[in-house]
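One structure is given here, and the rest of the page talks about it.
Proteins come first, then strands; the chains are lettered A, B, ... in the order of their sequence lines, and each starts at number 1.
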Protein chains: 2
Amino acid sequence: MKIALSQLNYHVGNFEKNTEKIIQHIEKAKKKGADVVVFSELAICGYYPQDLLEKERFILSCMESIDKICNYSHDITVIVGAPSINNTNKGKRLYNSAFILREGKIYDTIHKTLLPTYDIFDEYRHFEPNKTFRLVNIDGKKIAITICEDIWDEQSSDNNFAQKKLYNVSPMEELSKLNPDIAINLSASPFSHDKETKRKKTIQQHASKYKLPFIYVSQVGAQTEILFDGGSVYALPDGSIQNELAYFNEDFAVVDTENRSKPTIQPFKGNIGKIHDALVAGIKDYFNKSGFSSATLGLSGGIDSAVTVVLAVEALGAENVRVLLMPSKYSSDHSVKDAEDLAKNLGIQYDLVPIVDPVLAYEKSLSDVFKGLEEDVTEENIQARIRGTLMMAISNKFGNILLNTSNKSEAAVGYGTLYGDMNGGLSVLGDVYKTDVFKLAHYINRDEEIIPVNTIVKPPSAELRPGQQDSDSLPDYDLLDSILYLYIEKSMSNEQIISHGYPRDVVERIVGMVDRNEYKRFQCPPIIRVSSKAFGGGRKMPIVAKYRN
Amino acid sequence: MKIALSQLNYHVGNFEKNTEKIIQHIEKAKKKGADVVVFSELAICGYYPQDLLEKERFILSCMESIDKICNYSHDITVIVGAPSINNTNKGKRLYNSAFILREGKIYDTIHKTLLPTYDIFDEYRHFEPNKTFRLVNIDGKKIAITICEDIWDEQSSDNNFAQKKLYNVSPMEELSKLNPDIAINLSASPFSHDKETKRKKTIQQHASKYKLPFIYVSQVGAQTEILFDGGSVYALPDGSIQNELAYFNEDFAVVDTENRSKPTIQPFKGNIGKIHDALVAGIKDYFNKSGFSSATLGLSGGIDSAVTVVLAVEALGAENVRVLLMPSKYSSDHSVKDAEDLAKNLGIQYDLVPIVDPVLAYEKSLSDVFKGLEEDVTEENIQARIRGTLMMAISNKFGNILLNTSNKSEAAVGYGTLYGDMNGGLSVLGDVYKTDVFKLAHYINRDEEIIPVNTIVKPPSAELRPGQQDSDSLPDYDLLDSILYLYIEKSMSNEQIISHGYPRDVVERIVGMVDRNEYKRFQCPPIIRVSSKAFGGGRKMPIVAKYRN
């Protein structure tokens, strides 16, 4: 059987474009002689529509798209993901389904069994789980169709406690009892830099365990915080990978389950390279899908804004990025020069807007109210907020989106000013630890010096008071990031982290800072997620809780 | 059987304080001769701990609290809510449970069956549902114990589509087959101004349907966005209410299922009165539970900041509220006077900080970059952001929390400046439509003129340009709020709203504004929830979606 894998970039709620794309690829699959063409999970509406799924009109639009696509299903079987209505008289209103379209009609519908409801996933909020299992007969072949999480039944419900399987049922185990010939999985599997290997292994294990040709079709592109990296796969019954589709790009392949051809495997890419590609894709899609083309940000001469602006230029083009340099009296000369050098290297428009006048104006305005009081963090924050206000003035006047340049280490410990440097429509580095920001800078400079070396080698500083360095108030980033990783990604307690050899006083101070700053992160911009645990919707913490640790 | 209803205010993660409170009330119940004392859902850790539930140490702390409380269970049976560990080898790690403590030990544990996972609820993220049913034998009585949502099995999965029951099982129906003598429900039922009647009716229906004495114990207090209003109830087998506990206050009562006494019912309070009490409770608990005592905000002379400051003074005391008046060249004289009058009426500290100097400084700084360009919304936003920066300077310097004064109508249509008047640690009115803000003002002035009448009667204006009025860019608030209510609370589509008699052009414009401003609301402060559908965690919408309507 010839099966087309169609790995596309969908836009949530953009029915017209999604449908058009799907139809184009059906036609392409037909031309290539495919018997079946497979699209990914919730392809019709994009993944994840969140509470748009509660709108009647939204679901009707899904159905209208399915109807349109049916018209193209005459010489081919189309398998495509969309929500479907639960017509029983109980349970959630919808299923997360695979529609099988043949001969101009909906031939069958298979519903998702395992509904991920953890981390970034919220599917039980909207969907009723499937509870019965059957194969779909297509041209004499019995196909086991599953949707994304359905093949992740082996995962544990927890990293930290005794191992326990999260799910009570294994869809592939149930389907295998019915003797399928081929397995097909429709996915929307979000990227994290450590997931690709695990994902391929899961697919290969399913193929070899059930001795089936296994077709796995995912999607690409970003939906604000969540990225899909593609990498669709056709695995042989022995578990080997016959075809692997592109990462971060749309791709298409027709595989033949009867005849083997030469395997096509994607080139290896290291973690930092993957994070780089992910962030560029994340920026690109945020702009494309929100109808904006140009970005702005503030260049400080530091490494975070340097890496951010390079990624922005890669995503949007130099002509679509304009920056401000906003020195204060505490800014070093080399900071301004480093920022200027970078802007010139990239060929982007830049303006120099010193903040000295607004600083004086605020001092004057507040002189009565602050009379007799010492300078403190208030005055540092005023500088950051002046810069934030200037950046938003550029954004408002020229209609570009402000990119936020805070990194994950800063976001974690609250080292940033709300309504100041925490401003922005999208946080580019909010899921990248400072130590990885350095690695990204080296990666960017791998062929030529784009980011001035001085930006990379000088000690990090917010330059909000004379001689300030990050290391005055934070431990070295190597130590900080190691502790943060164990606390955030690995959910360890203080005691567990300390038992890994980290100093108690540092651990307690850092963990306390993370916990106390939930209120700041509550108001931060959406963050492009590249790790297994990002700040944002995947880590929901109460703001006024007393609990620390 | 004598049963004590203990309706308390818990603090998420504050094990020491929650445990101490529970023990005090066990002792009180003993003194009053109670056989059983009942506390509410997740009382041990507070509702809702969100992803703190994923921390091993957090769950161990729950267990330690239960152990401590066991020591006080010698002459009484204690029923108290807490998470418990799922010891089977499959499923989510935890149950949401009622612990029954007797004679110094855990006598039994009953798990919650129906796990709300919609709107503000996220319980399937953390809990495995119960699937088997049994009664608990206490002193010869067979007790049917359920937890909160377990008695809401009749609700529909949707307002808009064909009626369908959300749940597949009815816990009380299952338990009633075992012939219970008494029903007890442990709740954490969040307040919305339209819920009290529905809640009481649900309890009464259960009592009369199953002909059982029905004990319903809820909690009070706010956890940032979510409020619990109390109103615990003891209903007789005929469905009549025998006892109703206080609203928005801790309360305690011992009821006797064998003997009737005179009913105690709470006095009636209208919707606006309830919203008023809810907002005061919401402010009070946010400060108490985050360890802050004082607030600041900007008084514009307008109605939103006027109502907010009055609520803040009620919650925190006049000595704990200090305000700024920040007139611009567009501010009318009466605005400043109205704000001063209000500050004087309330006896709070106020300072006048004109924004003219910072405005000039920004103009100067940006003069080159903006050369030859017309003034537009950029300059209006700069004014709002100067005020936001000044307010945060007060907050930073004096250690008080900035209260946000935006109302729900503004938040809905994006009529507000990010990093300007949208600043704040807590949004007081973000779930109150402008028309209800007016009603709150009248309610506040019901006995004397606290808010200057001029503030209430003058046409609303942001005063960001000469002669600006809200009605220049928005329809009348009566019309606006009616459309918003149908769109947000009632999830209606454009066409449905239009079919209710609203003008097409206005509906389409308003709905478009709501949809386009998801990005702004993503970064707004937490909002005290008083309606059935507030902005925030209960309404999750994608930011870059194309879908409108």
Applying side chain to side chain contact (heavy atoms under 4.5 Å, CB included), run through A/Lys490 and A/Gln496 and close with a yes or a no.
CA-CA 10 Å; A/Lys490 293 292 163 191; A/Gln496 286 171 317; over 6 Å; no

If the threshold is 4.0 Å, N to carboxylate O, is there a salt bridge linking B/Asp119 and B/Lys533?
yes

If you count heavy-atom pairs under 4.5 Å between each of B/Phe58, B/Tyr48, B/Phe15, B/Tyr167 and chain A, which one has the most?
B/Phe58

Once side chain to side chain donor-acceptor pair (under 3.5 Å) is applied, do any residues pair with B/Lys131, and if so which ones, sequence neighbours excluded?
none

Contact origin within B/Asn18 toward chain A - heavy atom pairs under 4.5 Å
neither

Residues A/Arg387, A/Asp421: salt bridge by 4.0 Å N-O rule:
no

Taking every heavy-atom pair that is under 4.5 Å apart, which of B/Asn288, B/Ile394, B/Ile386, B/Leu373 has the most such pairs with chain A?
B/Ile386

With a 4.5 angstrom heavy-atom cut-off, which part of B/Asn168 approaches chain A: side chain, backbone, both or neither?
both

Output the option from B/Gly425, B/Pro526, B/Ser290, B/Gly537 having the highest count of non-hydrogen pairs under 4.5 Å with chain A.
B/Pro526

Count the heavy-atom pairs under 4.5 Å between each of B/Met541, B/His126, B/Lys397 and chain A, then report the option with the highest count.
B/Lys397

Side chain / backbone / both / neither for A/Arg521 at chain B, heavy atoms under 4.5 Å:
neither

Partners of A/Tyr362 by side chain to side chain donor-acceptor pair (under 3.5 Å), sequence neighbours excluded?
B/Tyr362

Of the listed A/Lys520, A/Lys364, A/Glu16, A/Lys17, the one with the largest count of heavy-atom pairs under 4.5 Å with chain B is A/Lys364

Would you please indicate if the ring centroids of A/Phe522 and A/Tyr519 are separated by under 6.0 Å?
no

Option that, when pairs with chain A are counted at under 4.5 Å, heavy atom only, ranks first among B/Val356, B/Leu390, B/Leu360
B/Leu390

When only pairs under 4.5 Å are counted, which of B/Arg539, B/Met392, B/Glu225 shares the most heavy-atom pairs with chain A?
B/Met392

